[in-house]
2 protein chains.
Amino acid sequence: MMILMPANSPTSLDDEVEIRPPDSRDKILEVAEGLFAYGGYSGVGMRQLAAMVGLSKSALFHHFPTKIDLYEAVLDRVLVRIEHGLNGAAIHEGDPVAQLDAWVDAVVCTLAEDAPAGRLMMRALVDEEPFPAISLGVGANGAEPDRELMIFEVRLAGIVERFGGLLERGIAEGVFRAVPTGDAILNVVGTLVFYFASGDLGEALVGESIFSHSAVSRRRREVSQFIRGGLLA
Amino acid sequence: MMILMPANSPTSLDDEVEIRPPDSRDKILEVAEGLFAYGGYSGVGMRQLAAMVGLSKSALFHHFPTKIDLYEAVLDRVLVRIEHGLNGAAIHEGDPVAQLDAWVDAVVCTLAEDAPAGRLMMRALVDEEPFPAISLGVGANGAEPDRELMIFEVRLAGIVERFGGLLERGIAEGVFRAVPTGDAILNVVGTLVFYFASGDLGEALVGESIFSHSAVSRRRREVSQFIRGGLLA
DNA sequence: TTGCAGACCGACCGGTCGGTCTGTATGATG
DNA sequence: CATCATACAGACCGACCGGTCGGTCTGCAA
């Protein structure tokens, strides 16, 4: 009992000063990210994960109380990276179009950096496996949350909310079409994430690995143009 | 027990004469589609499925030799519906823009008709669970297929190929931007499918069920405008 | 030197997994 | 009537599942 670990990254206000990476824990998260991304929650066994990390299964349960806790930690880890990428981008400078470009480019670059992230995000948004479905707290119609939100859901809600604000400012200024923000957010997220989750299908379509340097730099141009075209007035 | 009505649509009464669909088989496919869509391949057990269908587990194995065969049949079933929707649309009439609109609208309408289809498609495109990854036969760089293609993969390849041809004609006529077709296809597919796979997230964003009549009719307008804006010159 | 905490292992638990085997009720066919 | 295929049910199998338990080893502090 009394398991919840106090020691962890300062969650959000990162910058630097990462104190103590206990190595094993990070390695578990790193390997688990890859496995969960490709196999899904129930497609990955703790024994398999332990073997690939190079630890015993019990060691995993020493670091994470349950499999679900591990899965949540993995999800939160990639969301932290996305948040970090956004914080480092100029998403608050210039007109809404420039902000949109910075936003899109930051997400694309973050997703391009580690391959499993895109698939994992797509799973988190679509899957219903460990937990019923992801939630964002209050919906657009103001329905109150019917259950406790998980850490990564709060983080995701923050990201979505920030993007929704950008959209609404752009619409108010007349730079963007008067789109329903819900549909627009889903369009953008789907476009951004699906490419990096498309794996071999994407490779077959673009003719090379979707994570190769040339494919990513082409992607940065194309997705920006596509989304601008879809949103601008 | 034994509540679900036996009445079933003749699945795809297109063209040919389907002889005698033994009812149970269709029922299994119908229930399995819902379960696989929300739980994923390895998140659904044959016992659970059997219980929900109202049959014994052995009955499932009587109709489908393995779980993977059942999964493939379920995937192929929704692809057949999408294909059917496309065949019934005016995707060969008018200029490329009109064809694009018809194409997009046909897919949206098909996906809006049964809720699990979108999630299942997203899974089929992203998951790596039962089979390594989906393939389309020859890639854009002309690599030959390294393994036997499954039925639904052939069907998917046909659909993608037809859409790629539409894109290229539009580009040749100067109506579409000179986009790399691979990226463009991924953009369109991601935008089209993700909405209907977004579940509670989508509901929170659009403020009502993503399958409600008003949400779907709004979606038809919005996605069409978004994709046209992203593709047109 | 003692004591305690974190990291880790191997064995084991009840339960579930996909899949097989045997048997049987039913309806069509000869 | 006998025969045979279809369409199921129920018992069962070995493998594997997430999770727990007792115990070991190491490092650090008193």
Side-chain angles (χ1 to χ4, degrees), chain A residues 1-9 19-33 35-36 38-75 127-132, chain B residues 1-4 6 8 11 18-33 35-36 38-75 127-132 150:
Chain A
M1 43 304 270
M2 201 50 183
I3 312 223
L4 289 178
M5 54 272 134
N8 209 346
S9 65
I19 27 174
R20 277 285 195 119
D23 202 35
S24 275
R25 196 189 146 94
D26 282 351
K27 195 168 176 181
I28 293 172
L29 288 172
E30 181 76 24
V31 177
E33 179 180 328
L35 286 182
F36 281 137
Y38 289 87
Y41 176 76
S42 56
V44 176
M46 297 297 270
R47 286 159 228 267
Q48 173 193 4
L49 172 58
M52 293 197 63
V53 178
L55 290 176
S56 74
K57 184 166 62 74
S58 332
L60 305 187
F61 285 100
H62 171 73
H63 290 281
F64 304 92
T66 69
K67 186 186 180 184
I68 291 190
D69 287 293
L70 168 60
Y71 187 65
E72 287 184 39
V74 169
L75 287 187
D127 274 20
E128 203 118 2
E129 270 217 63
F131 12 83
Chain B
M1 54 293 276
M2 207 46 182
I3 308 207
L4 290 177
N8 216 342
T11 342
E18 297 248 340
I19 25 173
R20 278 280 184 145
D23 198 40
S24 276
R25 196 188 147 94
D26 282 351
K27 200 167 174 183
I28 293 172
L29 288 172
E30 182 77 22
V31 177
E33 180 181 326
L35 287 182
F36 280 137
Y38 290 88
Y41 177 76
S42 57
V44 176
M46 298 296 271
R47 288 160 226 266
Q48 173 193 3
L49 172 58
M52 294 198 62
V53 177
L55 289 176
S56 75
K57 185 166 61 74
S58 0
L60 305 187
F61 284 99
H62 170 73
H63 290 281
F64 304 91
T66 69
K67 186 186 180 184
I68 292 190
D69 287 293
L70 168 60
Y71 188 66
E72 286 183 40
V74 169
L75 287 187
D127 275 20
E128 202 116 6
E129 270 214 64
F131 12 82
M150 268 158 293

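Numbered from 1 within each chain, the chains take letters A, B, ... in sequence-line order. Please read these numbers as outputs of a predicted model, since none were measured by experiment.
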CD1 (Ile28(A)) and CG (Leu60(A)) are apart, to the nearest 0.5 Å, by 5.0 Å
Among the nucleotides dC9(C), dC8(C), dA9(D), whichever has the atom closest to the side chain of Ser56(A) is dC9(C)
What one should report as the nearest heavy-atom pair of Tyr71(A) and Tyr41(A) is CG-CD1, 3.6 Å
Heavy atoms of Ala73(B) and Leu29(B) approach each other most closely as CB-CD2, 3.8 Å
**Request:** Without swapping roles, check the side chain of Lys67(A) against the backbone of Gly45(A) for a donor-acceptor pair under 3.5 Å.
**Result:** no
side-chain N/O His62(A) vs dA7(C) OP1/OP2, d < 4.0 Å:
yes
Residues passing the salt bridge (charged side-chain N to carboxylate O under 4.0 Å, His left out) test with Glu72(A), sequence neighbours excluded, are none
Criterion side-chain contact (heavy atoms from CB on, under 4.5 Å) on Phe61(B) and Leu70(B), from CA distance to verdict:
CA-CA 9 Å; Phe61(B) 284 99; Leu70(B) 168 60; over 6 Å; no
When rounded to whole Å, the CZ to P distance for the pair Phe64(A) and dG6(C) reads 16 Å
His63(B) atom NE2 is separated from dA7(D) atom C1', nearest whole Å, by 6 Å
Pick out the pairs of N or O atoms, protein on one side and nucleotides 17-27 of chain D on the other, that lie under 3.5 Å.
from, atom 1, to, atom 2, distance (Å)
dG18(D), OP1, Val44(A), O, 3.2
dG18(D), OP1, Lys67(A), NZ, 2.6
dG18(D), OP2, Met46(A), N, 2.9
dG18(D), N7, Arg47(A), NH2, 2.6
dG18(D), O6, Arg47(A), NH2, 2.6
dG19(D), OP2, Lys67(A), N, 2.8
dG19(D), N7, Lys57(A), NZ, 2.4
dG19(D), O6, Lys57(A), NZ, 2.2

